[in-house]
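The next block holds one structure in the form of C-alpha cells; read it before the comments.
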Amino acid sequence: KSKASVEDSKNASNGIDETDKKEDDMNDLRLYARQRYLGQREKKKVEALRQELRLLEEDVNKYGWDNLTQKERDDVSLKRELVELFDKKEADFDEGYQLQEDYVDEKGKFDVSRKRRVLNNRDSYFKESKATRQQAWEEKQLQKAVKEDGTDEIMVPNSEKYDFVFDNDAAIDFTEEDDEILPEKDAEYDTHLSERLDAEQNRTKSIQEMRKLLPVFQYREELLQAIKDNQILIVVGETGSGKTTQLPQYLVEEGYTNSGKLQIAVTQPRRVAATSVAARVAEEMDVCIGKEVGYSIRFEDKTSEKTVLKYMTDGMLLREILTDPELKRYSCIMIDEAHERTLATDILLGLLKDILVHRKDLKLLISSATMNATKFSRFFGGCPIFNVPGRRYPVDIHYTLQPEANYLHAAISTIFQIHTSQELPGDVLVFLTGQEEIESARDKIEEIANKLGSGIPQMIIAPIYANLPQEQQDQIFVQTPPNCRKIVLATNIAETSLTIDGIKFVIDPGYVKENSFVPATGMSQLLTVPCSRASVDQRAGRAGRVGPGKCYRLFTKWSYYNELEMMPKPEIVRTNLANTVLLLLSLGISDLIKFPMLDKPSIASLTNSLEDLYLMGALNSKGKITRLGRIMCEFPCEPQFAKVLHSAATHEQCKGTLEECTDIVAMLHETASLFVGRSKDASSHIVGEVDSDHLLYLQIYQEWKNSNYSRAWCQDHKVQYKTLCRVRNIRNQLWKCAEQMGLVVMNETYRRKQVDFTQEINTRISKSFISGFPMNIAQLGTTGYRTTGKKSSSGLNVHIHPSSVLIEQTRENAKKPSKYVLYQRLMLTSKEFMRDCLPIYTESWLIEMVPQIFKKPN
Ligand code: ADP
Ligand code: MG
C-alpha cells in the first residue's frame, strides 16, 4: 500500500466504511493510470499496424476479398481484429477515465461526494460529449504536470495527495508488466492483446534474425563487392543458402534500385516458385506483395509503380524483351536456377550476352546449383564464379534391392514405413511427377491413414505442383505441429527451387516429367523419364538441411551407376522450338545458327520448327515473319491459340466467333483445376447438347457469366469458383489484346451483318481451332484413333481420355465416333490419351482450313 493512501485514510472522517470505499477508488485511479501507460505503448504498435492495414485494405478493394490468398486474408483479418480490439479497449478506457475525472474536484482532489453524484446521474452523464470533456481535462492536467528529473515522478502541483498514482512503486509495476493489481477480467483482456501485438512485432523481428543465419549472410559484403567489380557474376550455393530470397534484397539495400527508379528482376523457371518466393521476400521486407516486392507470371501481374524487386518466370522476361529490347528499367537481372536450363533461360542468356554489351551499367547474376557453373562461366567469357559454401548434413542413401514395378505404390508403402518406424519430428518429401499422380497419391495415403486411425501419429499431407492454387501452396511452409509428420508430395519443383524446412526423409522414385519431342507426332509432349544422376543427388540433399537425413531411392544401386544419365538434357535440345524461333525472328534475330547458345539445337530441329511456322502461316516461303506471325507473338498465349483467335475474327470460314473462341481459349488454360471432384459429376449438370469438350467449356463459362459470375452457380455445378475467376481474368487479357490488334472490330462488323448465326456458330468455332492446331488431329482407323500430324511422321495410337464428353456421347448416347478428332494435349498415363477433344465430322473442314496438310484425295 502506498504511504499516501494510508495517510489519506487517516484523514478520512467518516470512519472505516468510508476508508474502504476510498481505497477502492484509489485502486480505480491507479488502474486507469496504469492502463493509460500501457495504452500509450500499445498505441504505437497499433499505429504501425493500422498503417499496414490501410495498405492491405487498398488491396482488398482493388483485387476483391476473394482474389486474395488465404495468407493475405488471414493477415488482414488478424490486423483488423487487433486494431478493433485496441479501439474497443480505448473506448472502454475512455469511459472509465471520464468517470474518474468527475470524482476529482477543481484542485485535482478526490471527492467522494462527487463520485456518488456522478454515479447517480450516470445516465444523463453519458449523454454529454465525452471526448471534448476528456480532452479539455487532459490538456489542463498536462499543462500542470511536471516531470521531476531523474525520477519517474510526475507531479501535478496542488495535488500532492494523488501523486502516488504515478509513484515509483507503480512505475515498476508497469515496466515489469506485473498484472496482479489488475482485476481478473481486465487482466486477461489486457495481456492477451499485448501478447498478440508483441507476437506480431516479433514475427517481423525474428524474420530479420533468421535472415542473418542463412549461409549467404556471411558473404554479404564480399558478394556485393564482387557484383560491383564484375558485370556478370555466377553465384553457386547449396539449395536453401539464401540465393533467391537474400541476394536481391542485398542489392536493394545497397541502392541498386536508385531509390525506386530502377528495378531488379529475378527469373524463375516455374510460376509457383516465382509467386511463393515473392511472397516470402515481401514478408521479410515487411511490405505488401505487389507493392515494393511483386511478381509477374503469365496472366498475372502483381507489381505496381512502387515495385523495385520483381520475381518473374523466365518466359515473362523474355516477353518483356519484345517491348523493351534493352531492358532499360532494370539495373540488375538475376537468372535464378540457371542449371535447370529451361528453354526460356537459355534464350535469355543468349540475348543478355548481347544486351550487356550495350548496357554497361546492367548487372547480370546467374545463380545455379553446382552442376553447371563452369559451363555458364565459359559461355560468358570466363566470368567469375562466387561459391557460397553451404551446410549440409550427411544423408544415408538407401536403394531398393530389385527394380520396383510400380513406383507410386512403392512410394506410398515407404511413406508408411517411415511414418511408423522413424522418430518424430522429421518430415517426408516425396518426389512425384505431376498433379494427377500427386492427387491420386494423396487420396491413397489418406485412405490408408484413415484405416489405421489413431494407431499412428497424425499426418499432414501437403501437395505442391505448378497448378496448385496459391492459397494451398502456403501449406507446405507451415511448421509441423508437435507429434505430427508432414508429408510433402512435390514435383521436381522441390528439387532446387523451393526450400522446405524440416525435411528429414526423402523418397525418390527417380522420375521426372519432361517436355520432349516425340518424332511419331512431330510435337513436344510431356513424358515421364528417369532423372539424371545430378538430379537424384540434388533430391537426396533435401534430406540433409536440418540434420542428418535419409533418402530412399526406389530404384537399384546398379541402376544409379549404370542406367542414369549424368546430367539432365537441356530443354533446348529436346523440345519443339517453333515458338522460340518465332520469338527470335520477331526480335530481328534471323541468323539462328549464329545466335549464342549454351547448347545448340540440331539443324534438323531448327528446320523442323521453321517448317511448322510456315504451315501455321507465321512465316512466308522466304522464311520472313508475316503479319500473322507478329500478331501471334503479341498475344500473351501460345501462338497456336493466337492463331485460333485470329481466324475466329478474320477467316472467311470462321469469322464472327471471336467471343466464343476467346472464352474457350481462356478456359483451356485452366482445365487442370476446373471441377470440384470428378469432372463427370460436374459436367453432367451442364452437358446437354454439347458434343465437344470445347463447347462444354464454353457453356460453363457463359452460364457462369449469365449468373453474373456468381459463386453460388459454381457451387451448384461443382465448378471451382476461383478457377473461373482466373479464367475471367485470362479472357479479359486476351480480349484486350484482340481489341488492340483490331480483331474485335472486324469480328463485330461481320457479326452484325448476320441474321441467324446460331446455326453455323459451332462449325465456325471448330474451324477456328483447326486453323490453330492442324498438327493435333487424330484419324479414326481400324485400330482406333491415330495421330496424323505431319506427312513425314508415322502417327501414334491414341485414345480419348475418359474425362472427355466425347466418351459419353459415343458410349452412352450411342453416337457414332467422328472420323477425326482435334485434341489440345496428349497425355501418357496407362495409355496415350487425348485431352480436351473436339470431334470433326467432315473431312472437308480440314481441307478447307489447312490444305497444306490435308490435301483433297484424288
Ligand atoms: P536458395 O535460393 O539458395 O536455394 P532460398 O533463398 O530460396 O535459398 O531460401 C533461403 C531460406 O529462406 C530457406 O532456408 C528457407 O528457410 C527460407 N524460405 C524460403 N522460402 C520460404 C517460404 N515461402 N516460407 C518460409 N521460409 C522460406
Ligand atoms: Mg533458390
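Every number for a ligand or one of its atoms is a count from 1 in the order of the listing. For the numbers below, each heavy atom of this structure counts, side chains included, while hydrogens, waters and symmetry mates do not. Please read these numbers as outputs of a predicted model, since none were measured by experiment.
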Looking only at protein heavy atoms, which one is nearest to [atom], and how far off is it?
| atom | result |
| --- | --- |
| atom 2 (O) of ligand 1 | Thr244 OG1, 2.5 Å |
| atom 8 (O) of ligand 1 | Gly242 N, 3.1 Å |
| atom 15 (C) of ligand 1 | Asp501 OD2, 3.7 Å |
| atom 4 (O) of ligand 1 | Gly240 N, 2.6 Å |

For ligand 1, the portion of Leu214 having any non-hydrogen atom under 4.0 Å away: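 Side chain only.
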N or O pair under 3.5 Å between Asp336 and ligand 1: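 N/O-N/O distance below 3.5 Å does not exist for this pair.
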Of Phe555, Phe431, Tyr407, the residue whose pairing with Tyr511 passes ring-ring contact (aromatic ring centres under 6.0 Å, His included):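 Among the candidates, only Tyr407 passes.
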For [X], state whether at least one heavy atom is located under 4.0 Å from any atom of ligand 1.
| X | value |
| --- | --- |
| Gly237 | no |
| Arg545 | yes |
| Val277 | no |
| Glu283 | no |

Plane angle bin for His398 and Tyr552 - parallel if under 30°, tilted between 30 and 60°, otherwise perpendicular: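 Parallel: the ring planes of Tyr552 and His398 meet at under 30°.
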Side-chain ion pair, Glu326 and Arg359, N-O less than 4.0 Å: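 Result for this pair is no, no salt bridge flagged.
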Carboxylate-amine/guanidinium proximity below 4.0 Å for Glu253 and Arg220: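 Judged by the 4.0 Å cut-off on N to carboxylate O distance, Glu253 and Arg220 do form a salt bridge.
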Pick from Val478, Thr245, Thr496: the one approaching atom 9 (O) of ligand 1 most closely through a non-hydrogen atom: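 Considering heavy atoms of Val478, Thr245, Thr496, the nearest to atom 9 (O) of ligand 1 sits in Thr245.
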The one among Arg280, Gln473, Glu284 that brings a heavy atom closest to atom 21 (C) of ligand 1: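 Among Arg280, Gln473, Glu284, the closest heavy atom to atom 21 (C) of ligand 1 belongs to Arg280.
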What atoms of ligand 1 come within less than 4.0 Å of a heavy atom belonging to [X]?
| X | answer |
| --- | --- |
| Thr239 | 4 (O) |
| Glu238 | 3 (O) |
| Lys243 | 1 (P), 2 (O), 3 (O), 4 (O), 6 (O), 8 (O) |
| Ser241 | 1 (P), 3 (O), 8 (O) |

Side-chain touch Lys550/Lys504, heavy atoms, less than 4.5 angstrom: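 No, side chains not in contact.
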Contact check, side chains of Gln720 and Leu674, non-hydrogen atoms, under 4.5 Å: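 Side chain of Gln720 against side chain of Leu674, heavy atoms only: no contact under 4.5 Å found.
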Check: His339 side chain, Ser368 main-chain N or O, donor-acceptor pair, under 3.5 Å: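 Checking the backbone N and O of Ser368 against the side chain of His339, no donor-acceptor pair under 3.5 Å is found.
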Ser497 backbone or side-chain N/O/S under 2.8 Å from the Mg ion (ligand 2):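 Short answer: no, not a single N, O or S atom is under the cut-off.
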Lys NZ or Arg CZ of [X] over [Y] ring: under 6.0 Å, within 45°:
| X | Y | answer |
| --- | --- | --- |
| Arg533 | Tyr560 | yes |
| Lys310 | Tyr295 | no |
| Arg545 | Tyr393 | no |

Residue from Thr480, Val428, Leu429 passing side chain to side chain contact (heavy atoms under 4.5 Å, CB included) with Lys486: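 With Lys486 as partner, Thr480, Val428, Leu429 yield a single side chain to side chain contact (heavy atoms under 4.5 Å, CB included), made by Thr480.
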